Asker: 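Dropping a structure here in structure tokens format, bear with me for questions.
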There are 2 protein chains.
Amino acid sequence: MEYKEAKDKFINTWGSLGSLWGINKAMAQIQSLLFISTKPLSMEEIMEELHISRGNTSMNIRQLIDWGIVTKELIPGERKEFFTTEKDVQELARIVAKERSRREIKPVIKVLEEVSTIKDDGTEKTRELIKQTKALHDLAATADSMLNKMVNQKQNWITKSILKFVK
Amino acid sequence: MEYKEAKDKFINTWGSLGSLWGINKAMAQIQSLLFISTKPLSMEEIMEELHISRGNTSMNIRQLIDWGIVTKELIPGERKEFFTTEKDVQELARIVAKERSRREIKPVIKVLEEVSTIKDDGTEKTRELIKQTKALHDLAATADSMLNKMVNQKQNWITKSILKFVK
DNA sequence: ATAAATTTTCAGTAATTACTGAAAATTTAG
DNA sequence: CTAAATTTTCAGTAATTACTGAAAATTTAT
């Protein structure tokens with residue numbers, strides 16, 4: 001497999017995985033492109049490379065900046081803006097986990113909390129609702145907390161002792 | 001908050017979280033409904049409760065069965081089919097993690113493997129592609145393996161020592 | 001076997017989400 | 001300042017995804 005093919009394959013596959021980390025395709029592809037680029041890229045270069053419109057590029061870059069994954073790079077003597085992405089996978093994972101937690105998981109946990117603390121009127125169905133949402137709440141809260149803690153261990157959290165620990 | 005309101009809130013919130021575990025809204029809502037039901041439900045009951053069509057209900061139940069989250073329940077003397085979902089959150093988490101891994105993460109890891117092992121032609125861009133996809137591959141592979149292992153610890157993996165361990 | 005009950009399928013439609021492209025806004029250079 | 005370069009916005013459109021409803025298929029009872 002040659003460079004070009006490998007590159008396209010990477011961008012497409014990683015891009016399609018966007019759903020897994022909760023962002024859209026174009027966004028994921030722009031990030032992918034920057035991730036394997038050896039230098040900052042301009043909007044022009046990005047739209048050409050991915051065959052997407054100027055508007056689309058602009059909107060998605062902004063979102064990536066909101067996420068804290070991409071940053072503007074000022075290049076002396078250049079009028080255009082250039083962009084780079086966080087290159088360290090660990091740090092990337094940290095940011096993504098944190099954002100998803102904040103945007104999606106935390107709000108759900110809050111609702112589970114609310115629902116699981118309604119007044120027990122003694123009926124079977126209310127009891128079941130309380131019991132099950134409480135169980136989900138505990139699972140979600142603990143998983144969320146774990147995820148954040150793991151991903152915050154700046155030093156190669158993943159390669160070291162945890163794996164050993166979970167057997 | 002009364003039972004009805006709490007129930008609807010739960011079904012909607014949990015349903016909208018479907019995207020997070022990679023299934024669509026109707027599917028997530030059906031599962032939610034079964035999850036807090038005190039008895040198996042028929043297709044009829046599900047479609048009425050959620051205001052969705054017969055076809056939609058049928059298709060999504062099938063998918064839930066494919067995922068291994070919902071099972072048909074035969075009720076003596078009843079002609080209709082009834083359905084239940086796995087009620088244990090731990091087990092539910094195990095199934096979901098395993099399925100997502102199989103359907104989405106594993107295939108991506110495979111591509112990352114392929115891309116990161118192309119021949120190094122010595123150019124800077126090829127080197128960068130190899131370096132970065134290798135890093136992603138390692139991250140994804142390790143995270144996937146961890147997730148599966150954690151979730152496979154049948155005994156309350158989450159509430160016990162891991163949290164303590166990760167500080 | 002026949003027929004009623006029930007489920008599945010799927011073509012058509014609706015709803016949602018993503019994308020384009022050009023006009024408007026902003027920035028930069030002279 | 002003016003004008004060129006660049007970016008942003010957003011109404012309109014395209015693409016994707018989800019849903020309906022009725023016909024076809026299947027199951028069950030007699």
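Labels below follow one simple rule: chain letters A, B, ... track the order of the sequence lines, proteins then strands, and each chain is numbered from 1. Predicted, not measured: the structure shown is a model, and the values here were computed from it.
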Asker: More than 12 heavy atoms of other residues, nucleotides or ligands under 6.0 Å from NZ of K131(A): yes or no?
Answerer: no
Asker: Table please: side-chain donor-acceptor pairs of residues 73-82 of chain A below 3.5 Å, with sequence neighbours left out.
Answerer:
| unit_1 | atom_1 | unit_2 | atom_2 | d |
| --- | --- | --- | --- | --- |
| E73(A) | OE1 | T84(A) | OG1 | 3.2 |
| E81(A) | OE2 | K72(A) | NZ | 3.0 |

Asker: List for me each residue that meets side chain to side chain contact (heavy atoms under 4.5 Å, CB included) alongside K87(B), sequence neighbours excluded, and say none if there are none.
Answerer: E128(A), Q132(A)
Asker: Mapping N60(A) and G55(B) onto DNA chain C by nearest heavy atom, which one lands closer to the 5' end?
Answerer: G55(B)
Asker: Among residues at least two apart in sequence or on other chains, which ones pass salt bridge (charged side-chain N to carboxylate O under 4.0 Å, His left out) with K110(A)?
Answerer: E114(A)
Asker: Any pair with a residue in residues 58-68 of chain B that passes side chain to side chain donor-acceptor pair (under 3.5 Å), sequence neighbours left out, goes on the list, sorted by first then second residue, please.
Answerer: N24(B)-N60(B)
Asker: Through direct or indirect side-chain contacts below 4.5 angstrom among Ile, Leu, Val, Met, Phe, Trp and Tyr, which residues connect to L147(A)?
Answerer: none
Asker: So among I109(B), T142(B), T117(B), which one has a side chain to side chain contact (heavy atoms under 4.5 Å, CB included) with H137(B)?
Answerer: I109(B)
Asker: Base, sugar-phosphate or nothing for N24(B)? Non-hydrogen atoms, less than 4.0 Å.
Answerer: sugar-phosphate
Asker: Quick one: how far along DNA chain C does chain B reach, first to last nucleotide 5' to 3', anything under 4.0 Å to a heavy atom?
Answerer: dA4(C) to dC10(C)
Asker: Taking for each residue the nucleotide of DNA chain D with the nearest heavy atom, is it R62(A) or M27(B) whose nucleotide lies nearer the 5' end?
Answerer: R62(A)
Asker: For E86(B), what residues pass the side chain to side chain contact (heavy atoms under 4.5 Å, CB included) criterion, not counting sequence neighbours?
Answerer: D88(B), E91(B), L92(B)
Asker: Measuring from atom CG of L33(B) to atom CG of L41(B), what distance do you get when rounded to the nearest 0.5 angstrom?
Answerer: 5.5 Å
Asker: Give, ordered by number, those residues of residues 35-54 of chain A having at least one heavy-atom distance below 4.0 Å to an atom of DNA chain D; if nothing qualifies, reply none.
Answerer: M43(A), R54(A)
Asker: Should side-chain heavy atoms under 4.5 Å link Ile, Leu, Val, Met, Phe, Trp and Tyr, which residues sit in the same cluster as M59(B)?
Answerer: none
Asker: Sequence neighbours left out, what passes salt bridge (charged side-chain N to carboxylate O under 4.0 Å, His left out) with K7(B)? Give chain and number order.
Answerer: E49(B)
Asker: Could you pick out which residue, I23(A) or K72(B), lies toward the 5' side of DNA chain C when each is mapped onto its nearest nucleotide?
Answerer: K72(B)
Asker: If you find the nucleotide of DNA chain D closest to N56(B) and the one closest to N56(A), which residue's nucleotide is nearer the 5' end?
Answerer: N56(A)
Asker: Below 3.5 Å is the cut-off: list the nitrogen or oxygen pairs between protein and nucleotides 27-30 of chain D, distance only.
Answerer:
| unit_1 | atom_1 | unit_2 | atom_2 | d |
| --- | --- | --- | --- | --- |
| dT28(D) | O2 | R79(B) | NH2 | 3.1 |

Asker: Rounding to 10 degrees, work out the angle separating the end axes of the helix from dA1(C)-dT30(D) to dG30(C)-dC1(D) (five pairs an end).
Answerer: 20°
Asker: For atom NZ of K106(A), decide whether the heavy atoms of other residues, nucleotides or ligands shown that lie under 6.0 angstrom number more than 12.
Answerer: yes
Asker: Just how far is it from atom CZ of F35(A) to atom CG of L136(B), taken to the nearest 0.5 Å?
Answerer: 4.0 Å
